[in-house]
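The block underneath contains the structure these notes are about, expressed in structure tokens.
Everything quoted here is computed from the prediction, not taken from an experiment.
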Amino acid sequence: MNRPDRSTVRPAAVLAAALAAGLALAGCGANGDRSTSSSDHRRPAPYAPDQGRTAAPAPSAAPAPSGAATPDGPEGERRTPSRAPDHLSTFALDVDTASYGYARRSLADGRLPDPATVRPEEFVNSFRPDYPRPADDGFSVTVDGARTGADGWSLVRVGLATRGADRTSERPPAALTFVVDVSGSMGEPGRLDLVRHSLRLAADQLRDDDSVGIVAFSDGAETVLPMTRLGGARDRVREAVDSLEVRASTNLEAGLTTGYDVAAEGHRKGATNRVVLLSDALANTGETAADALLGRIDAQRREHGITLFGVGVGSEYGDELMERLADRGDGQTVYVSTRDQARRVFVDQLPAHVQLRARDAKAQVAFDRKTVERFRLVGYENRAVADEDFRDDRVDGGEIGAGHTVTALYAVKTRPGAAGPVATATVRWLDPATRAPRERSGAIGSGALGARLWEGGHDSLQLSAISAYFAEELRGGALPGSPGLAALAGYADGIRARSGSPVVGELAEAVRQADRLTVRRPSPEGEFGPADPYA
């Protein structure tokens, strides 16, 4: 989808870790279905003011108000919508997780991640709660929550899930063009060697009727393997992978141009046509300006429906550029630094990358004004959609694959003594085959917010909360009821002990590493630590 410019909207992953969590953590909520035919953000965003309109979103034909997102940027780039004075929150769905993976790599190397690379939603979505799965190709909607311990504040979680991929059933064939960075910087251990290993796994995992092309780029680009059906050609693919060697500088422009040319020439109608960019995204030759690269990608997406999947590697990694490229290409980003993570991406979850469940998916959460005093969505700043555009299907949303989950957390302050409905969450998407719009909703009331977050029986919600609090600490923000890094590590250890999940243990270790590295700096007011805007 076309989202706001990441260079001006920097909010605060490994999909590998996320999708391999295997943690049976159940949520609870109500589901409903109604199908239709028709720069450095180191402080949390302001919460919605307690005033304004209460009406439902305007019809799709309604003009956007002043300050709403309009497609007037370069190559149709969307501007950041200003927060509407109401109790609606609207955003595009996404399953990027690279921010968490790169943060873990930075912490393991003994350094705190740049706050500009920390995106809380990618930390949260790096873990896969066991939300109920729908029987059809749409979404399930789960809404739950608990009190944080801060006066009147709760965390409300909106969980969305798609049906998993059935490996025994038919799926559309995939036509994948792997664009591989072989520049000098890729010679570092854990870069090109890891990429070659990943491509060998992919060649073994894909089906005979899938097609693969390989493009290598350094100071220029060359087609190592034209688009080739895998049936009977797997040895040829492996030989092409083994031939990849480190060369000179990084001409990302040449790589993407050639890669999309190969993808367009090998385009297969009815197939999943995708460019897979494997790189540290440190472009230094050719056209390195993001806007020019974004324009080329957007044109191919519009003309051929070719999407982009970014796989980041390396201790030094161009996070911002990779994510902006994947966003413009209607794709996702992941970050891998080990062979285990590569296996999780290219073997365990490859069907989710090539089997689409929903196009242009968006979510809108409506908070009840009589019950809710304030709220704030944690993260998703650069995925914001104007409230009025929720049912405008001309406005891009996220592309969601099989077996994916999407989680959004809200800090919500309820009115003293108020009881009744708190929030209704609605997801809207287009059917991948027919492009018919569909919606499904879930709701939560004040009675479901009675339990305290850190008390027993809430492992799934606690894991989402730990991830969000952790990200906010790293980017210098604050959420109500944050227990601090040391306590977060302890809570993660408890979940690890109960679940046996190694990826939760990795989270606990990352939080401990951050705690050891964190230096408390004076705030502008002269106090230590970030001011709490919720106090």
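Using a 4.0 Å cut-off between charged nitrogen and carboxylate oxygen, Arg383 and Asp96 count as a salt-bridge pair. Salt-bridge check for Arg207 with Asp209: failed, with every basic side-chain N at 4.0 Å or more from each acidic carboxylate O. Between Arg359 and Asp396, none of the side-chain N atoms (NZ, or NE/NH1/NH2) sits under 4.0 Å from a carboxylate O, so this pair counts as no salt bridge. Taking a cutoff of 4.0 Å between a charged side-chain nitrogen and a carboxylate oxygen, Glu381 and Arg119 do not qualify as a salt bridge. Note on Asp392 versus Lys362: no salt bridge recorded, every NZ/NE/NH1/NH2 to OD/OE distance being 4.0 Å or above.
No side-chain donor-acceptor contact under 3.5 Å links Asp219 to the backbone of Ser249. Although no hydrogens or angles enter the test, the distance criterion places no donor-acceptor pair under 3.5 Å between the side chain of Tyr380 and the main chain of Pro120.
The shortest side-chain heavy-atom distance between Phe139 and Thr162 falls under the 4.5 Å cut-off.
Shown here are the salt bridge (charged side-chain N to carboxylate O under 4.0 Å, His left out) partners of Arg238, two or more places apart in sequence or in another chain: Asp204, Asp235. When the side-chain contact (heavy atoms from CB on, under 4.5 Å) test is applied to Asp193, the partners found at least two apart in sequence or on another chain are Arg196. With sequence neighbours excluded, the residues satisfying side-chain contact (heavy atoms from CB on, under 4.5 Å) with Arg229 are Ser211, Arg268. A search for salt bridge (charged side-chain N to carboxylate O under 4.0 Å, His left out) contacts involving Asp280 returns Arg191, not counting sequence neighbours. Every residue meeting the side-chain contact (heavy atoms from CB on, under 4.5 Å) condition with Ala221, not counting sequence neighbours, appears here in chain and number order: Val215, Phe217, Ala254, Thr258. Evaluation of the side-chain contact (heavy atoms from CB on, under 4.5 Å) rule for Ala510 yields Arg104, Leu107, Phe470, Gln513 as partners, not counting sequence neighbours. With sequence neighbours excluded, the residues satisfying salt bridge (charged side-chain N to carboxylate O under 4.0 Å, His left out) with Asp137 are Arg163, Arg357. Listed by chain and residue number, Asp208 satisfy the side-chain hydrogen bond (donor to acceptor under 3.5 Å, both in side chains) test with Arg234 (two or more places apart in sequence, or in another chain). Residues satisfying the side-chain hydrogen bond (donor to acceptor under 3.5 Å, both in side chains) criterion with Ser279, sequence neighbours excluded, are Asp181.
Listed here is the closest heavy atom pair of Ser337 and Arg105: CB-NH1, 3.7 Å. Contact between Ala263 and Val275 at its shortest, heavy atoms only, is CB-CG2, 3.9 Å. Across all their heavy atoms, Leu176 and Met227 have their closest contact at O-SD, 4.1 Å.
Side chain to side chain, Ser99 and Glu122 fail the donor-acceptor criterion of an N or O pair below 3.5 Å.
Contacts classified as salt bridge (charged side-chain N to carboxylate O under 4.0 Å, His left out) and involving residues 240-251 (residues at least two apart or in different chains) are given here: Arg200-Asp242, Glu222-Arg247. The ring pair (Phe, Tyr, Trp, His ring centres under 6.0 Å) analysis of residues 220-267, with sequence neighbours excluded, yields the pairs His267-His304. Under the salt bridge (charged side-chain N to carboxylate O under 4.0 Å, His left out) criterion, the residue pairs touching residues 306-317 are Arg111-Glu316, with sequence neighbours excluded.
Residues Tyr100 and Phe127 place their aromatic rings such that the two centres sit under 6.0 Å apart.
Tyr102 and Tyr317 have perpendicular rings, their planes meeting at more than 60° on a 0 to 90° scale where under 30° would count as parallel.
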